[in-house]
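Worksheet: one structure, shown below.
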Amino acid sequence: MHVGGARTALYAWLYARKHGGSFILRIEDTDKEREVEGAIGNLMESLKWLGIKWDESIDVGGPHEPYIQSERLPIYKKYVEQLLEAGFAYPDPYTERDMEAFRKEAEMAKKPFLFREHRPARVQEWNGLSPVRFKTPLIKRYEWDDVVLGKLSAGEEALDDFILLKGDGYPTYNFAHVVDDIEMEVTHVMRGHEFVASTPKFLSLYDALDQPRPIFATLPPILGKDGTKKLSKRDGAKGLLDYRDDGYLPEAMVNFLALLGWHPSGNEEVFTAQELMTEFSLERVQKSGAQFDTEKLNYLNREHMRKLSDDEFVKKANLKVPDAARLRRAVPTIRERAYTLVEAREMLADELSGIFTTPELDMSQLLAKGEQNAAKSHLEALKALLEPLHEDIGAEEAKAALMPYADGIAKEDGGRGAALWPLRYALSGREKSPDPFTLIHILGKAESMSRIQSSIDILTV
């Protein structure tokens with residue numbers, strides 16, 4: 001399941017929840033050539049990850065069973081027989097060779113191929129095995145209202161005698177979804193722009209079956225980073241569960257998908273699913289394409305990570321270290337800097353790894369910002385300033401105690417880095433790490449002073 005299908009499901013779910021309706025998960029599997037093993041499981045797992053719960057489907061049942069199209073073949077056959085009897089359908093008498101000849105004829109005449117121009121003069125009785133085509137009742141201009149796009153229309157070019165039932169007994173999508181929507185009492189149909197051109201076919205079929213039209217809402221396409229073409233693998237499009245594996249929270253993905261083509265009434269951007277149910281409306285879905293912005297997704301994910309308690313964050317990010325007290329003190333720093341749960345784990349394994357193990361120090365790194373005697377004297381001075389402070393020292397408190405010394409040597413000894421670099425490296429053992437004041441807070445005063453002394457010992461000749 002990809003973001004486009006997930007957004008459509010989300011909008012339908014939010015709308016149903018807001019208005020006390022039912023959200024039905026229907027499995028459309030009539031195209032056996034395109035069927036992918038495991039697809040149904042992936043679809044259901046994706047929706048469950050997002051927190052989208054259905055009221056009716058293959059696993060929970062419901063009043064409109066069955067919910068998988070391949071198990072509904074008798075229903076489609078019943079509707080085909082109804083259309084045959086009413087004169088709105090006929091058995092297709094042509095072979096593939098005949099069809100190819102018709103197409104070549106249209107190509108030579110430089111006009112579009114329309115099957116309705118080749119309706120058989122004499123309709124044979126259906127033998128139950130041959131394909132059945134819809135006989136379009138009226139070749140006319142169709143008009144319809146779309147909640148998002150407004151008034152739409154299409155003329156004769158959009159109508160043709162399309163296949164209802166294939167020779168293998170399976171319905172086509174164009175037929176099956178209309179029958180299912182009628183049978184399942186679907187009131188609102190939300191689809192992408194690619195279905196607008198086919199809508200006159202659907203309307204013609206509703207008319208032939210003497211059924212009322214549902215309410216249509218066309219959702220905007222999701223565009224890639226250049227904002228001109230539909231999102232593709234080249235733009236980084238992935239399966240929905242790949243985002244889960246990349247460390248995104250489902251709450252953030254729901255928030256992001258909702259904003260991907262819909263505007264809230266105010267300036268707020270961070271929403272819970274419950275808040276979206278109240279706020280969502282089809283009237284605020286935009287007409288133009290919505291650009292997939294990974295930076296926006298990252299921002300929302302960080303905001304939703306901030307909503308978690310420290311314990312929830314540690315559990316969801318699967319952060320495991322031997323010193324639980326240090327980890328608790330490190331969590332705010334990790335949450336402030338990481339955009340995803342995976343980044344949080346990577347930060348713990350990389351930039352913060354030296355906090356939870358005794359780092360092996362390299363003298364050349366200690367001296368990266370100055371010569372040996374100067375680095376040693378700076379560390380001794382900073383250790384002395386740290387000595388009178390209490391054990392559970394905060395980052396701001398450490399900064400207030402040590403920064404004046406760094407500011408004092410800034411002009412005469414190569415800048416603050418001459419003191420702060422060896423301090424940070426002494427504490428972390430890493431080239432990249434949080435600032436030294438944060439490190440002191442995470443390590444505690446005693447461990448910080450011990451590590452500073454170890455560096456002083458290395459620099460003592």
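What you are looking at is a predicted structure, and each value in this text was computed from that prediction instead of being measured.
- Between Tyr173 and Phe195, the ring planes are tilted. Angles from 30° to 60° get that label.
- For the pair Lys238 and Tyr243, the cation sits on the ring face: its NZ or CZ lies under 6.0 Å from the ring centre, inside 45° of the axis.
- Exactly one of Phe134, Phe175, Phe88 qualifies for a side chain to side chain contact (heavy atoms under 4.5 Å, CB included) with Val80. That residue is Phe175.
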Report the C-alpha distance between Asp55 and Arg17 in whole Å, list the side-chain angles of each, state the deciding distance to 0.1 Å, and finish with yes or no for salt bridge (charged side-chain N to carboxylate O under 4.0 Å, His left out).
-> CA-CA 10 Å; Asp55 303 294; Arg17 289 291 173 267; 3.0 Å; yes
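- Under 3.5 Å, the side chains of Asn174 and Thr172 contain no donor-acceptor pair of N or O atoms.
- Between Ser204 and Asp207, the side chains place no donor N or O within less than 3.5 Å of an acceptor N or O (distance only, hydrogens not considered).
- Partner of Tyr299 under the side chain to side chain contact (heavy atoms under 4.5 Å, CB included) criterion, chosen from Asp293, Thr294, Val270: Val270.
- Residues Ser265 and Glu279 bring a donor and an acceptor atom of their side chains to less than 3.5 Å of each other.
- Cation-pi contact between Arg119 and Tyr90: absent, since separation from the ring centre below 6.0 Å together with deviation from the ring axis within 45° is not met.
- Remark: aromatic rings of Tyr142 and Phe202 are distant, center separation not under 6.0 Å.
- Ring pair His118/Phe102 is parallel by interplanar angle, where below 30° counts as parallel and above 60° as perpendicular.
- Under the 6.0 Å distance and 45° angle rule, Arg284 does not count as a cation-pi partner of Phe280.
- Side-chain contact of Ser70 with Asp29: a donor-acceptor pair under 3.5 Å is present, judged by distance alone.
- No option in Val254, Leu47, Leu50 other than Val254 meets the side chain to side chain contact (heavy atoms under 4.5 Å, CB included) test with Leu10.
- With 3.5 Å as the limit, one finds no donor-acceptor pair spanning the side chains of Glu28 and His177.
- Ring geometry for Phe115 against Phe113 counts as perpendicular: the plane angle is over 60°, on a 0 to 90° scale with 30° as the lower cut.
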Check against salt bridge (charged side-chain N to carboxylate O under 4.0 Å, His left out), Asp181 and Arg26 = CA-CA 10 Å; Asp181 286 350; Arg26 186 170 74 212; 3.0 Å; yes
